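Presented below is the structure to which this report refers.
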There are 2 protein chains.
Amino acid sequence: MELKAVVNEKLKKKGYKFTPQRKAILDAVADHKGQHLSSEEIYDIVRVSSPDIGLATVYRTVQLLVDVDVLTKLNLDDGFVRYELCDHSEDQHNHHHLICSECGKIIEVREDLLDSLEQEIEKKYAFLIKDHKLKFFGICETCQKNL
Amino acid sequence: MELKAVVNEKLKKKGYKFTPQRKAILDAVADHKGQHLSSEEIYDIVRVSSPDIGLATVYRTVQLLVDVDVLTKLNLDDGFVRYELCDHSEDQHNHHHLICSECGKIIEVREDLLDSLEQEIEKKYAFLIKDHKLKFFGICETCQKNL
DNA sequence: TTCCTTGCAAACTTTTTGCAGCCTT
DNA sequence: AAGGCTGCAAAAAGTTTGCAAGGAA
């Protein structure tokens, strides 16, 4: 499996171990792509196959996986910090989210499309951009029809 | 004062009162533009002139002011929800933030510059965009020089 | 052995809620 | 009088931490 090898290497490089608990947590996130899980939700998923895991371990592990650049945080203002796999495709930046204010659905936008804007900002503000987070709020196709 | 009149009207329209506490909280935010205050910070500011105010009132009021579209939330992943005045200029959308990962400084970007991207997304995803939040992470001018 | 890791429980922090009293209309 | 609003205290909710035991190198 590609992902596990990559994560293992990233952990090893910083002196961390790829323990069964950490594997299980990574699996939970990878198996639910596009679902933006909270720590509690990850906990519930992982507990099915690893009943002895502790909630604190989940909290510690997601933080660790953010530190080694495997997960990113996503804040939907619902009281939980949520996590998803980082994009590690050709373009280094993460994707965007469309958030429907009617039904709460979240749509992933894979395109980046911010390059020209970033260049403009880098020039004007002399700010070296490393990453960005972009959320759009609005109404999804389904909800538009039902209004 | 322009701002207070606008807020008063927005509150009245929804049946809320513009009480002295709410005025004081609005003042605190308006007097610290560009500072992205947390509820605790607003509380500390307001307490100077209104020592009897309660922290719960601050929490309730900022939420109320978000509801009537006077404040917006800003999440910097530092454990607090922060607030700032909404933009109510000609373009309806809020500004962007540049966040320096070295010194933590936050720079406001007043330009929107997302129109063409929004149009592209609206067409491609049939998603009706109402607002957005965009944060850039990177290194500010000063910190670039000191590296 | 060494030191990272874990589960548990307790602690912590931010935010919310219940309630009695107050204020404004 | 009616109903929103407030301060206080307690509670809630998410997250972090201390610690002793466990486990891989």
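Chain letters run A, B, ... following the sequence lines, proteins first and then strands; every chain starts at 1. Computed over heavy atoms, backbone and side chain alike; hydrogens, waters and symmetry mates excluded. Because the structure is predicted, anything quoted here is derived from the model rather than measured.
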Contact boundaries on DNA chain C for chain B, cut-off under 4.0 Å to non-hydrogen atoms = C:dT14 to C:dG18
note = The ring-ring contact (aromatic ring centres under 6.0 Å, His included) partners of A:His97 (sequence neighbours excluded) come to A:His36, A:His95
key: A:Glu41 side chain vs A:Ser38 backbone, donor-acceptor pair below 3.5 Å   = yes
Among D:dG4, D:dT15, D:dC8, the nucleotide that comes nearest once only the side chain of B:Lys17 is considered = D:dG4
Distance below 4.0 Å between B:Thr57 side-chain N/O and D:dG7 OP1 or OP2 = yes
Hey, can you pull the donor-acceptor pairs under 3.5 Å for the side chains in residues 16-25 of chain A, sequence neighbours left out?
| from | atom 1 | to | atom 2 | distance (Å) |
| --- | --- | --- | --- | --- |
| A:Thr19 | OG1 | A:Arg22 | N | 3.2 |
| A:Arg22 | NH1 | A:Lys17 | O | 2.8 |

request  = Determine yes or no for a side-chain-to-main-chain donor-acceptor pair under 3.5 angstrom, with A:Gln144 supplying the side chain and A:Ile139 the backbone.
outcome  = yes
ask   = Is A:Gln35 atom CD crowded by more than 12 heavy atoms from other residues, nucleotides or ligands, each under 6.0 Å away?
value = yes
key: Axis-to-axis angle between the two ends of the helix from C:dT1-D:dA25 to C:dT25-D:dA1 (five base pairs per end, rounded to 10 degrees)   = 30°
message = For DNA chain C, which residues of residues 58-72 of chain A approach it to below 4.0 angstrom with any heavy atom?
response = A:Arg60
Side-chain donor-acceptor distances from residues 50-64 of chain A under 3.5 Å, at least two apart:
| from | atom 1 | to | atom 2 | distance (Å) |
| --- | --- | --- | --- | --- |
| A:Thr61 | OG1 | A:Thr57 | O | 2.7 |
| A:Gln63 | NE2 | A:Asp67 | OD1 | 3.2 |

message = Is it the case that the side chain of A:Glu122 and the backbone of A:Ile129 share a donor-acceptor pair, with hydrogens and angles ignored and the cut-off at 3.5 Å?
response = yes
ask   = Shortest non-hydrogen contact from B:Asn75 to B:Phe80?
value = OD1-O, 4.5 Å
request  = Describe, in one word, how the ring planes of B:His132 and A:Phe136 are oriented to each other, choosing from parallel (under 30°), tilted (30 to 60°) and perpendicular (over 60°).
outcome  = perpendicular
message = By nearest heavy atom, map B:Gly79 and A:Gln21 onto DNA chain C; which one lands nearer the 5' end?
response = A:Gln21
